[in-house]
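Report on the structure given below.
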Amino acid sequence: MKVSVIHSQTTIEFDWNTALLIPIFETKLPIQCEILKEEQEIFIQSIIDRDLFSGKENDILYVPFASPNLAGVILLGLGKKEEFHEEKMRRIAGSVINYTRNNKISSIVCDWNYISTEYIPPFIEGIILSQYIFDQYKTKNANEDKKTNPITNVTFIVSSEENIQTLNNQCEQTVLICNTVNMVRSLISSPANELTPQSFTTFAQNMFQNLPLKFQVLDKSELEREGLNGILAVGKGSKNEPMMMILEYQPSSSNTEKQVVIVGKGVTFDTGGICLKPHEGMQEMRYDMSGAAVVLGTMYILAELKLNIPVIGLIPLVENIPSGSALLPGDIIKMYGGKTVEVLNTDAEGRLIIADAMAYAQKNYAPKKIIDIATLTGGCIIALGHFCAGVLGNDKELIKELLHAGNKTGERLWEFPLWTDYEKLIQSDFADVANIGPKGEASTIVGGIFLKQFVENNILWAHIDIAGTAWGVKHIAYWDSKYPTGFGVRLLIQWLSQQ
Ligand code: BES
Ligand code: MN
Ligand code: ZN
């Protein structure tokens, strides 16, 4: 999608596929738009004066024109000015595409004289994210309704006092970020026969070819040499061997004391292993690498935008599947760093690979903060549904920063407690810890408290459980519930750019 910001006086070319979009608060402002001919302006004004359009939130009216040089006007209701915020802008923009699609509009010119320019990025986000489709595997005419008439051009007209250069740069960044989120969504959508640990790393390698980032993959024998036994244990049932991808982004001018490590759960398919999951809905478990895809996307954006913060991305990749060589209940793993874990359920596999990756990060780098992101527990969906992700960690300030970043990007988080009492739930008779707690008890917290065992006290750490938000979010216009969301990419970028 092409996006540009121009000053009011600039002349623009219109055609039959272009509509003028006017965002309007619930107050009856007189419409004054240089683009409209006088009689068109009077016509639009009369619609407002007759209360045919109110400006209420989500009130959208498309008015087609007969003139050959402009398809029509989209009046976009924003609701009350004092109650407006970025997330509303995103959602309202997300609903615009239903109108443009049906009316063969591929280009919109937005009169941004009635609304602050801070709402330009969330508007773009709403449009790009809501237009996402995944049809790589359809051989004919799929999604025809959605494919026709996507918006390919958006122009914002702003008042002559605005700095166009800054706004255009912002737009360019927003487009890059959203395109990356959509790439992440496609990676998550990909079936597990196509997306294995091996093909995931190949894909990533191609992606980073010309970017200032060190790319490294540990294959099975290197995992063995390093003693990354948590990752090896989970992966040993599959002929698709486990791997760990290491992405180092260290801008030369950056302060290495601020180093951040982000870890993403990369289970390319989670059958549950020997503790096999029920078959209904099991196909959804191809999304169990969402955290990994989010870390990949985040690293890509960092390197593309050349943000000035050193970040190491760790992506452990495995397929959790039963076989004659699979991990067994009762097995005891000597994890990276030496702690022992009794595996009471092979379906609690994500924590094993993340724990190893985090221990590796602390041994081989000097992170100040670690964030891990994972589709870790079904219990998180039971607790929070699909409207926010869970967050747990060992530092109040860090949690606050993340909550704040999430509110800003519309990827909301909700904190769970992580009191040491919960450590009682993972006591093991035979090893240092067990990988699960009692059935049905606080499973999201148990996942967090397990991970906490692998974080040294001087490191600030937070764990984000995206089991409920990575896929299937309904009722939010820019997140089609059929598709993954890419939840976490914009949040991590927002948080990192504040570091
Ligand atoms: N990948 C799943 C988490 C999950 C389950 C996400 C269902 C979405 C829907 C994870 O590996 C898992 O299986 N977790 C178990 C842990 C349990 C065995 C302690 C769970 O949450 O049921
Ligand atoms: Mn599992
Ligand atoms: Zn899993």
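Start at 1 and go down the list; that is how both ligands and their atoms are numbered.
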Is there a side-chain contact between Lys396 and Glu415 in this structure, where contact means two heavy atoms from C-beta onward sitting under 4.5 Å apart? yes
Are the side chain of Thr340 and the backbone N or O of Ala431 linked by a donor-acceptor pair below 3.5 Å? no
Just so I know, are the side chains of Gln259 and Ile312 near enough to count as touching, which here means a heavy-atom distance under 4.5 Å? yes
For Leu228 and Leu218, work out which heavy atoms get closest and say how close. CD1-CD1, 3.8 Å
Does ligand 1 have any N/O pairs with the protein under 3.5 Å, and how far apart?
unit_1   : atom_1 : unit_2 : atom_2 : d
ligand 1 : 1 (N)  : Lys265 : NZ     : 3.3
ligand 1 : 1 (N)  : Asp270 : OD2    : 3.2
ligand 1 : 1 (N)  : Asp288 : OD1    : 2.9
ligand 1 : 1 (N)  : Asp288 : OD2    : 3.0
ligand 1 : 1 (N)  : Thr375 : O      : 3.3
ligand 1 : 11 (O) : Lys265 : NZ     : 3.1
ligand 1 : 11 (O) : Asp270 : OD2    : 2.9
ligand 1 : 11 (O) : Asp347 : O      : 3.1
ligand 1 : 11 (O) : Glu349 : OE1    : 2.8
ligand 1 : 11 (O) : Glu349 : OE2    : 2.9
ligand 1 : 13 (O) : Lys277 : NZ     : 2.8
ligand 1 : 13 (O) : Asp347 : O      : 3.0
ligand 1 : 13 (O) : Asp347 : OD1    : 2.7
ligand 1 : 13 (O) : Asp347 : OD2    : 3.2
ligand 1 : 14 (N) : Leu376 : O      : 3.4
ligand 1 : 21 (O) : Gly378 : N      : 2.7

Would you confirm whether Thr346, through its side chain, and Leu328, through its main-chain N or O, come within 3.5 Å as a donor-acceptor pair? no
ring-ring contact (aromatic ring centres under 6.0 Å, His included), paired with Tyr483, selected from Tyr478, Phe134, Tyr132: Tyr132
Which pairs of donor and acceptor atoms, one on a side chain in residues 350-358, lie under 3.5 Å apart (sequence neighbours left out)?
unit_1 : atom_1 : unit_2 : atom_2 : d
Arg351 : NH1    : Asn435 : O      : 2.9
Asp356 : OD1    : Tyr336 : N      : 2.9
Asp356 : OD2    : Asn229 : N      : 3.1
Asp356 : OD2    : Gly230 : N      : 2.6
Asp356 : OD2    : Ile231 : N      : 3.1

Would you mind checking if Asp372 and Lys265 are paired as a salt bridge, meaning a charged N to carboxylate O distance below 4.0 Å? no
Could you tell me whether Lys339 sits above the aromatic face of Phe454, with NZ or CZ closer than 6.0 angstrom to the six-membered ring centre and within 45 degrees of the axis? yes
Within-2.8 Å protein N/O/S contacts of the Zn ion (ligand 3): Lys265 NZ, Asp270 OD2, Asp288 OD2, Glu349 OE2
Between Asp331 (side chain) and Leu327 (backbone), is there a donor-acceptor pair under 3.5 Å? no
The Mn ion (ligand 2) neighbourhood, protein N/O/S only, threshold under 2.8 Å: Asp270 OD2, Asp347 O, Asp347 OD1, Glu349 OE1
